[in-house]
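Quick one: the structure is below, and I'll ask about it shortly.
Hydrogens, waters and symmetry mates play no part in the numbers below; they use all other heavy atoms, side chains included. Both counts, for ligands and for their atoms, begin at 1 and track the order of listing.
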Amino acid sequence: MAVEAGTRASLHNELAGALERGELELRYQPLVDTTANRIFGAEALLRWRRAGRGLVAPMEFLPILEETGLIVPVGEWIVEEACRRVRVWEDAGHTDLRIAVNIAPRQLEGTAFIHAVEAALAESRLEPGRLVLELTESALIHDSHATIASLDALHALGVRISIDDFGTGYSNLAYVKRLPVDTLKLDRYFVSKVDQDPVDATIVTAVQQMATGLGLDLVAEGVETRGQLDALVELGARWMQGYYFAEPLEAESFLARLAEPPIPEAKPE
Ligand code: G
Ligand code: MN
């Protein structure tokens, strides 16, 4: 216990300086339009290259960032960096990519984040609808008036709002009604056996119908196999993400990958 607390404290100390030392990086995982067989955007994912120790798993440091509030400055940097990157891709001729970034509830507590988002969009000259902010359902259980006001303000800027890990948090459908949501990201939990378990297939069908009826995009997360892809398409899903298409990539690799159709060739029998 003491050892663990010590490790945590030292991780915290190191994390506090990681941003200034340039140890934080973003990876970009393709978002795939399976109908057009085309990459329509990326989810930016944070990585920490800890001095002398290589990449630290996000699960080890993300909770510390969130608990200590370090996520506030880091979260601003993530939006700035992601927008700068999309500007680079845009200048390379890819003019309609969306960029999704993950947001923690603490970032929505004041108005600082809203100003940071506005500044990042202006600096990189991006149309606000290109930026997607992803929030998890569980993050939304603290849905104070302040959180809702921030989301409304961001949405009013033209930024898109996406509910991450949809279906496994508290599955409170009131969020879908109350918040300015544009996209649902179906949790990989429902995707992993969608081609084998009729219960999962039924749930995916229902969520897909709800999304379509409400005019929301549904992105299926965690697609790892051809069987899952085929089953999802059969059930009406179009937008997807997962290792079957690509893992989170370095920025240069992502740009190179844009030249290739993201759906792997089906192997002949
Ligand atoms: O909660 P969120 O959906 O933002 O999580 C993104 C995380 O999921 C990233 O760390 C990413 O590496 C991981 N991930 C991306 N694609 C897949 C996949 O196909 N399978 C699994 N198990 N994890 C994935
Ligand atoms: Mn996400």
Side-chain donor-acceptor pair present, Lys193, Gln228, cut-off under 3.5 Å: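 There is no such pair between these side chains.
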If the test is side-chain contact (heavy atoms from CB on, under 4.5 Å), which one of Leu62, Leu55, Val56 qualifies with Pro58?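 It is Leu62, the one option of Leu62, Leu55, Val56 that forms the side-chain contact (heavy atoms from CB on, under 4.5 Å) with Pro58.
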Give, rounded to 10 degrees, the angle between OD1 (Asn102) and OE1 (Glu134) as seen from the Mn ion (ligand 2).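 With the Mn ion (ligand 2) as the vertex, the angle is close to 90°.
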The Mn ion (ligand 2) and Asp165: any N/O/S contact shorter than 2.8 Å?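 Of the N, O and S atoms in Asp165, none lies under 2.8 Å from the Mn ion (ligand 2), which means no.
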Under the rule for ring pair (Phe, Tyr, Trp, His ring centres under 6.0 Å), what residues qualify as partners of Tyr243, not counting sequence neighbours?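 For Tyr243, no residue satisfies ring pair (Phe, Tyr, Trp, His ring centres under 6.0 Å) once neighbours in sequence are set aside.
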Of the N, O or S atoms in Glu43, the one nearest the Mn ion (ligand 2):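 The nearest such atom is OE2.
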Should the pair Tyr28 and Phe254 be assigned to parallel (<30°), tilted (30 to 60°) or perpendicular (>60°) ring geometry?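 Tilted, since the angle between the ring planes falls between 30° and 60°.
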So, of the N/O/S atoms that Asp164 has, which is the nearest one to the Mn ion (ligand 2)?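 The Mn ion (ligand 2) is closest to the Asp164 atom OD2, counting only N, O or S.
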Show me, by chain and number, every protein residue that has a heavy-atom distance under 4.0 Å to ligand 1.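 Within the 4.0 Å shell of ligand 1, which is judged on heavy atoms, sit Gln29, Glu43, Leu45, Arg47, Asn102, Asp164, Asp165, Arg188, Glu221, Gly222, Val223, Glu224, Gly242, Tyr243, Pro248.
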For a salt bridge (Lys or Arg N to Asp or Glu O under 4.0 Å) check, start with the C-alpha distance between Glu14 and Arg21, then their side-chain angles and the critical distance, and finish with the verdict. CA-CA 10 Å; Glu14 281 184 55; Arg21 289 193 302 271; 5.0 Å; no
For atom CD of Glu127, is the number of surrounding heavy atoms from other residues, nucleotides or ligands below 6.0 Å larger than 12?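 Result for CD/Glu127: enclosed.
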Trace of the side chain to side chain donor-acceptor pair (under 3.5 Å) decision for Gln29 with Glu247: CA-CA 6 Å; Gln29 187 174 33; Glu247 71 238 49; over 6 Å; no
Hphob cluster co-occupancy, Leu151 + Ile78, side-chain heavy atoms under 4.5 angstrom: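 Leu151 and Ile78: one cluster.
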